[in-house]
Colleague: 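Please find one structure pasted underneath; my questions will follow.
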Number of protein chains: 4
Amino acid sequence: MAVAEPDDSARRRAPRVDAIRNREAIVEAAAEVLAEQGTAVDVREIARRSGVGMGTLYRHFPKKEDLVHTVLRQDFSRWAESARRTATDAEDPWAALTDFYEQALTGCARHRAMMENFALTWSVPDLDGIRQLRLVIEELCARAGAAGLLRPGVTTDDLLLLLLSLGHAVQITDDCRPQMWNRLLRISLDGLRADHREPLPTDAAPDDVARSLHG
Amino acid sequence: MAVAEPDDSARRRAPRVDAIRNREAIVEAAAEVLAEQGTAVDVREIARRSGVGMGTLYRHFPKKEDLVHTVLRQDFSRWAESARRTATDAEDPWAALTDFYEQALTGCARHRAMMENFALTWSVPDLDGIRQLRLVIEELCARAGAAGLLRPGVTTDDLLLLLLSLGHAVQITDDCRPQMWNRLLRISLDGLRADHREPLPTDAAPDDVARSLHG
Amino acid sequence: MAVAEPDDSARRRAPRVDAIRNREAIVEAAAEVLAEQGTAVDVREIARRSGVGMGTLYRHFPKKEDLVHTVLRQDFSRWAESARRTATDAEDPWAALTDFYEQALTGCARHRAMMENFALTWSVPDLDGIRQLRLVIEELCARAGAAGLLRPGVTTDDLLLLLLSLGHAVQITDDCRPQMWNRLLRISLDGLRADHREPLPTDAAPDDVARSLHG
Amino acid sequence: MAVAEPDDSARRRAPRVDAIRNREAIVEAAAEVLAEQGTAVDVREIARRSGVGMGTLYRHFPKKEDLVHTVLRQDFSRWAESARRTATDAEDPWAALTDFYEQALTGCARHRAMMENFALTWSVPDLDGIRQLRLVIEELCARAGAAGLLRPGVTTDDLLLLLLSLGHAVQITDDCRPQMWNRLLRISLDGLRADHREPLPTDAAPDDVARSLHG
DNA sequence: AATGAATGAGGCTTCATTCAT
DNA sequence: CATGAATGAAGCCTCATTCAT
């Protein structure tokens, strides 16, 4: 069967080589400009940089949003994966956490659009990309928690929001103080250590707060 | 001096009452919409809400940017001042720090443009507004440092960047998890306590790093 | 009171003179090109002919559709009114009907967009413009009916559809055979005379048809 | 001749089977979508429905217009033929006329592009398709005229324009009042009967009018 | 010869800024 | 000096047609 269908494959393979190349060129160019300028870029700029016409771009991505989503999905995935690998490489659970943040924060320094949307994903958590990140963080959280290294009560959401928060700091300082965020990271991570036993405030509704206080 | 230029002053004072009123109306309206919608807002919307025409608006502020800056300067000042007062009210240096952040973060929750530009002010530190905040923080830093409560090596810039970083988290979570940032704040503040003695990394250039290590 | 409010009127009259002139220029130009080319015209062409920029056009008519509707409402009204006046001038009810059609059909000869939308108004009868026409026709129908001149069973809708139908014929033949539609009009009107007593088919649903046949 | 150019014919016959099949598929698909959506349809839609690529489509029909013309020629022919057959089946000349219109009008109800172009064919009478219709109508005209059933002075053009005119009414009302046009048809046909002896106006130019009156 | 990807002119609309009244 | 109308450069997107495979 693998050798069969010579007609069919002949009919379909030929044109796609170029199309795929173009599609990739578009995505690559888009990733570049989205990282540089955020989602406000002119679609024409992307077309120009990919070396294709507007029509080609719109054939592959009928709406600007589609292209943006595609790029961000990819970049989020790569970002999460690279951070995950770094974390996995560490033997010590705490080092895993530390390395994860370092890798992730280094990786988001120059990606404006990604951070723009990272922010959005909080209120729209169903957006792809954040899921992988959550999974990685969940694991790190569990691992450090099991090892008794993590401050009690710290949740995956806390760690995710910390990433988001520091990610913003990274972007802001990347141009003029490229390593400054590292100091903030140390501080925050130290605040996450198990030797801090003071309970964290809940962010629940008033009723729940009362209950948690009196229960 | 008061008697001088009677014609001139007569000619100019009368209209200036209106002019000032208009200017204030514009700034007030701009503050509103900038908080709500960020700097991407349509200038017409500002004119509409202030009840003045476009011409008047542009007479007072030749560029949209000028108006934005004016508003942000004002809002930054008020923001800084309100946080400063809260900090000053606290007797304990650490409580001062805590209250400062709480007040400041609560105050930036619904001000989109301010946080947008808070980010910019880092790379453009000459922009007004951040100065006052720096001053306040400097004081808090010194006070907590003198009391031996602050982790050694923590700088004003660290505390400023932390504010910026958490401010972003606040904006992101304000809609759906309005108090969540408080947990992050506790964690970060705990990381700032003096019982953490591990030195923070420098963010200096390689040469400086070497020097700081060997000096 | 008429002399009062000099400020107010001064504040408001001045700019509007130009604005109204522009608005009228736009509507006039639009009426022209819509008549010539139908609703498919480029908005730029309208702007060019009115001598205003795109922004001005869009200030007055936020959507192309708004402009089109405005023009068509106006043209429909004028069209209906002119036909109504002609009909009213006739003393004989039958002459009124004849004159109405002649006037209306002459008036729609060169108005592409109007006929385009006249067609639409059948399935979307709430659109303005057709109402006036219906009213006029209703009157003519009643008048001719009361005089015993109209074929029994003829409805306002029949006369309206006839107008629409002949209007199309007018447009088609206007370029090369400008008066040809007049022959069709005579024929149709003769078919509407009371001496034709054969009942017209209903266009009702099957059940109603059955009922009308057996009742 | 049949033996000549064996190579050439061999080279060409084989692919032509496919080519013809493709051409037919294109025309068939085009007929469908043109009927549904009119000539404004996207060429891609036609290619999609015919199952061929754009290149193939454009090889057979270098311009969209060419394809449209081809389809319309065909559809006009079929339309005319079907109406002709219906007319021929009737024994009574008047019934032939009636049946012809009924058949033709029923047949054009759902063919948007055909009616669009039916209109054009009037000013561009050399366009194919209308000829056959004219021939049929000419025959009907002659037949009814010979039988003394047709109003004197009625021409083939009158009947053709009536068809066009009613065809438009049919399209307009087809969605919401599917049989309403039948009433208009009765009225018009009654106006065509021989008992109306009033002469029809000429549509000639003034000079010709004068000549016709005095000659 | 078939495929369908590529092209790019042109359509609608927005908005910072200028200008006539 | 206030007003708000006018301007026009972009921005997003569609679609008839061409071209590489």
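Treat the numbers as computed from the prediction; the structure is a model and nothing was measured. Below, chains carry the letters A, B, ... as their sequence lines are ordered, and counting in each starts from 1.
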Colleague: When the distance from NE2 of His60(C) to P of dT14(E) is rounded to whole Å, what number comes out?
Modeller: 16 Å
Colleague: Could you check how far CD of Glu24(A) sits from P of dA5(E), rounded to whole Å?
Modeller: 15 Å
Colleague: Side chains of Arg23(B) and Thr70(B): closer than 4.5 Å at any heavy-atom pair?
Modeller: yes
Colleague: Got Val27(A) and Gln74(A) here, is their nearest side-chain heavy-atom distance under 4.5 Å?
Modeller: yes
Colleague: Would you mind reading off the distance between Arg23(C) atom CZ and dG4(F) atom P, rounded to a whole angstrom?
Modeller: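 To the nearest whole Å, that distance equals 17 Å.
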Colleague: If you pin Asp42(A) and Gly53(B) to their nearest nucleotides in DNA chain F, which one's is more 5'?
Modeller: Gly53(B)
Colleague: Does Pro62(C) or Asn22(D) map to a spot on DNA chain E nearer the 5' end, using the closest nucleotide for each?
Modeller: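 Mapping each residue to its closest nucleotide by heavy atoms, the 5'-most match is Asn22(D).
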Colleague: I'd like to check Arg110(A) versus Asp175(A) (side-chain heavy atoms, cut-off strictly below 4.5 Å). Are they in contact?
Modeller: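 In short, these two side chains touch, coming nearer than 4.5 Å.
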Colleague: Starting at the 5' end of DNA chain F and moving along, which residue's nearest nucleotide shows up first, Glu65(A) or Thr39(D)?
Modeller: Glu65(A)
Colleague: For Val52(A) and for Gly55(B), find the nucleotide of DNA chain E with the closest heavy atom, then tell me which residue's nucleotide is more 5'.
Modeller: Val52(A)
Colleague: Can you tell me the distance, in whole Å, between the CD atom of Glu45(D) and the P atom of dT14(F)?
Modeller: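 After rounding, the reported distance stands at 15 Å.
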Colleague: Asp18(C) side chain: which of dT17(E), dA20(E), dT13(E) is closest?
Modeller: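 So the nucleotide nearest the side chain must be dA20(E).
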Colleague: What is the distance, to the nearest angstrom, from the CE atom on Met54(B) to the C1' atom on dT7(F)?
Modeller: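 Going from CE in Met54(B) over to C1' in dT7(F) covers 12 Å.
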Colleague: Can you measure Arg21(C) atom CZ to dA20(E) atom C1' for me and round it to whole angstrom units?
Modeller: 11 Å
Colleague: Is there a side-chain contact between Thr56(C) and the phosphate of dA5(F), meaning an N or O under 4.0 Å from OP1 or OP2?
Modeller: no
Colleague: Report yes if some heavy atom in the side chain of Leu72(D) is under 4.5 Å from a heavy atom in the side chain of His111(D); otherwise report no.
Modeller: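 They are in side-chain contact.
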Colleague: Choose from dA2(F), dT13(E), dA16(E) the nucleotide whose nearest atom is closest to any side-chain atom of Tyr58(B).
Modeller: dA16(E)
Colleague: When you compare the side chain of Phe118(B) with that of Ile172(A), does any pair of heavy atoms fall below 4.5 Å?
Modeller: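 Counting from C-beta outward, Ile172(A) and Phe118(B) never come under 4.5 Å.
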Colleague: When you look at His60(D) and Asn22(D), which way does the side-chain hydrogen bond (donor to acceptor under 3.5 Å, both in side chains) test go after all the steps?
Modeller: CA-CA 9 Å; His60(D) 287 287; Asn22(D) 272 335; 5.2 Å; no
Colleague: Do the non-hydrogen side-chain atoms of Asn117(B) and His69(B) ever get within less than 4.5 Å of each other?
Modeller: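 SC-SC contact between Asn117(B) and His69(B) confirmed.
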Colleague: Does Arg59(A) get its side chain close enough to the base of dA5(E), under 3.5 Å, for a donor-acceptor pair?
Modeller: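 Result: at least one qualifying N/O pair found.
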Colleague: Pairing of DNA chain E as dot-bracket, 5' to 3': ( ) intra-strand, [ ] crossing, | other strand, . unpaired, with Watson-Crick or G-U pairs under 3.5 Å?
Modeller: .||||||||||||||||||||
Colleague: Provide, to the nearest angstrom, the distance between the CZ atom belonging to Arg44(A) and the C1' atom belonging to dG10(E).
Modeller: 10 Å
Colleague: Rounded to the nearest Å, what distance is computed from the CG atom of residue Leu57(D) to the P atom of nucleotide dA5(E)?
Modeller: 15 Å
